[in-house]
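Read the structure below first, then the notes.
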Amino acid sequence: RSSFFNLFTFMKNLCLFLLFGFLSLQAQPDSSGATLLTDKQVQTLFPHETLKEIGVTFPIRKVYAFEDKLGKQYLIISENNTNPDKATSIKAFNVLLKEETPPQVLWTITDAINDTEKAMWFYTRYISLTDLNNDGYIDPIVLYGTESQYGELYEENRVKFIIYYLGKKTAIRHQNSSLDDGRHTQIDRSYYKLPSALKKKIRSIVATLEEREHALFNTETIKELEK
């Protein structure tokens with residue numbers, strides 16, 4: 001009986017190893033620096049019971065796979081509408097998967113629109129999942145924003161940066177506006193203690209947001225981000 005149990009355990013671990021290897025070969029690289037899983041791969045790796053255990057209740061938009069010293073991790077991006085332009089609430093989950101252990105949720109992002117907004121979604125083109133300061137750990141940077149009931153699409157929107165460095169959260173909250181007096185940016189104090197490589201990446205994202213006219217930042221904010 002003991003031999004049978006050992007054989008069963010070996011075969012189970014082998015299947016998991018082959019599954020991870022297959023997913024790694026089939027998944028596609030993404031601009032985030034991580035690997036973007038296909039719908040089929042998501043269904044294979046995250047069946048309904050696993051999603052329920054993690055706490056995923058919204059439709060999944062994207063799942064990113066990456067690995068660092070902690071192990072194999074996944075960022076699950078979900079919104080409460082399959083059409084991002086119609087979503088009003090969002091949830092993201094950073095999940096660590098290890099053999100023979102339940103999925104471990106390292107951190108989550110949860111938010112919803114306020115009374116002046118009509119939609120909220122993740123800005124997936126700006127997500128960064130790379131080891132920016134070469135310490136062996138991924139430094140996630142996740143952005144999401146809103147559509148206001150007033151003005152054009154990106155005229156009066158809110159934009160939020162969520163940065164995780166060694167498991168600690170830093171946020172940058174920005175209220176956009178076509179008017180200088182209407183733009184406000186709140187930067188967490190922990191931002192100033194981030195490694196220079198992370199701050200450089202954030203400034204690069206800010207510059208791209210402005211270049212694509214997805215947000216405007218006051219000169220004072222730009223100077224603050226350079227500290």
Side-chain angles (χ1 to χ4, degrees), residues 30-34 62 64 75 77 79 84-85 87-92 94 106-135 137-227:
D30 183 76
S31 60
S32 66
K62 291 187 177 184
Y64 301 86
L75 176 62
I77 296 294
E79 297 156 342
D85 294 342
T88 58
S89 184
I90 60 170
K91 292 183 180 180
N94 179 206
L106 301 180
W107 49 262
T108 62
I109 297 172
T110 303
D111 208 342
I113 62 172
N114 61 34
D115 294 339
T116 68
E117 297 165 338
K118 57 183 179 181
M120 171 182 284
W121 63 92
F122 285 100
Y123 289 4
T124 54
R125 70 175 69 183
Y126 298 108
I127 288 178
S128 174
L129 297 167
T130 57
D131 177 8
L132 292 167
N133 63 332
N134 299 314
D135 64 353
Y137 295 97
I138 297 297
D139 306 304
I141 301 176
V142 180
L143 273 71
Y144 62 89
T146 65
E147 180 182 359
S148 174
Q149 295 180 11
Y150 311 103
E152 299 298 326
L153 179 58
Y154 292 105
E155 190 174 358
E156 303 293 335
N157 58 314
R158 282 191 299 132
V159 180
K160 190 170 182 178
F161 291 66
I162 300 294
I163 305 106
Y164 275 91
Y165 175 62
L166 299 180
K168 294 183 179 180
K169 174 184 172 182
T170 294
I172 299 174
R173 303 166 181 85
H174 177 68
Q175 173 60 59
N176 199 37
S177 177
S178 57
L179 303 174
D180 290 349
D181 292 343
R183 291 193 289 271
H184 304 283
T185 307
Q186 178 185 346
I187 305 171
D188 283 357
R189 291 183 179 180
S190 54
Y191 168 83
Y192 303 103
K193 297 180 181 180
L194 293 175
S196 58
L198 273 71
K199 290 189 282 187
K200 181 179 180 181
K201 178 64 176 180
I202 292 166
R203 291 195 299 269
S204 173
I205 295 173
V206 167
T208 305
L209 284 167
E210 292 200 304
E211 180 182 333
R212 294 173 176 171
E213 298 183 348
H214 291 167
L216 289 174
F217 294 82
N218 289 335
T219 303
E220 294 79 5
T221 298
I222 301 300
K223 290 181 178 178
E224 277 295 314
L225 293 173
E226 292 174 350
K227 292 183 178 180

Run the side chain to side chain contact (heavy atoms under 4.5 Å, CB included) test on Val142 and Tyr64 for me, step by step, so that the C-alpha distance in whole Å, both residues' side-chain angles and the decisive distance to 0.1 Å come before the verdict.
CA-CA 12 Å; Val142 180; Tyr64 301 86; over 6 Å; no
Quick check on Asp85: does its CG atom have over 12 non-hydrogen neighbours (other residues, nucleotides or ligands) under 6.0 Å away?
yes
How would you list, by chain and number, every residue that makes a side-chain hydrogen bond (donor to acceptor under 3.5 Å, both in side chains) with Ser148, sequence neighbours excluded?
none
What I'd like to find out is whether the side chain of Glu220 reaches to under 4.5 Å of the side chain of Lys223, using heavy atoms alone.
no
Thr116-Asn114 side chain donor-acceptor pair, cut-off 3.5 Å
yes
Verify side chain to side chain contact (heavy atoms under 4.5 Å, CB included) between Lys168 and Ser190, making sure each step is shown before the conclusion.
CA-CA 9 Å; Lys168 294 183 179 180; Ser190 54; over 6 Å; no
Asp111: what forms a side-chain hydrogen bond (donor to acceptor under 3.5 Å, both in side chains) with it, not counting sequence neighbours?
Tyr144
Take Ile205 and Tyr123, measure what side chain to side chain contact (heavy atoms under 4.5 Å, CB included) needs, and give me the verdict at the end.
CA-CA 11 Å; Ile205 295 173; Tyr123 289 4; over 6 Å; no
Less than 4.5 Å apart, any side-chain heavy atom of His214 and any of Tyr126?
yes
Might you point out which heavy atoms bring Gln175 and Asn157 nearest each other, and give the distance in Å?
NE2-O, 3.6 Å
Can you tell which of Lys193, Arg173, Lys169 makes a salt bridge (charged side-chain N to carboxylate O under 4.0 Å, His left out) with Asp188?
Arg173
Any Ile172 side-chain heavy atom under 4.5 Å of Gln186 side chain
no
Leu194 side chain reached by Ile202 side chain, heavy atoms, under 4.5 Å:
yes
Residue pair Thr219 / Ile222, side-chain heavy-atom distance below 4.5 Å
no
Heavy-atom pair with the smallest gap, counting every atom of Ser128 and Thr130:
OG-OG1, 3.6 Å
Any side-chain heavy-atom pair of Arg183 and Leu216 under 4.5 Å:
yes
Checking Thr146 side chain against Arg158 main chain: does a donor-acceptor pair fall under 3.5 Å?
yes
Side-chain contact test, heavy atoms from C-beta onward, threshold under 4.5 Å: evaluate it for Tyr137 versus Leu166 and give yes or no.
yes
Could you tell me whether Glu210 atom CD has more than 12 heavy atoms of other residues or ligands within 6.0 Å of it?
yes
Any side-chain donor paired with an acceptor under 3.5 Å for Glu224 and Tyr192?
yes
Contacts of type side-chain hydrogen bond (donor to acceptor under 3.5 Å, both in side chains), residue Tyr191, not counting sequence neighbours:
none
Test item: Leu198 and Thr170 side chains (from C-beta on) under 4.5 Å apart, heavy atoms
no
If we ignore hydrogens and angles and just use 3.5 Å, is the side chain of Lys91 paired with the main-chain N or O of Thr108 as donor and acceptor?
no
Just to verify, which of Thr221, Leu225, Val159 counts as forming a side chain to side chain contact (heavy atoms under 4.5 Å, CB included) with Val206?
Leu225
Is Gln149 reaching over with its side chain to a backbone N or O of Asp115, donor-acceptor style, under 3.5 angstrom?
yes
Apply the test side chain to side chain contact (heavy atoms under 4.5 Å, CB included) to residues Asp131 and Asp139: give CA-CA distance (whole Å), side-chain angles for both, the deciding distance (0.1 Å), then the verdict.
CA-CA 5 Å; Asp131 177 8; Asp139 306 304; 3.7 Å; yes
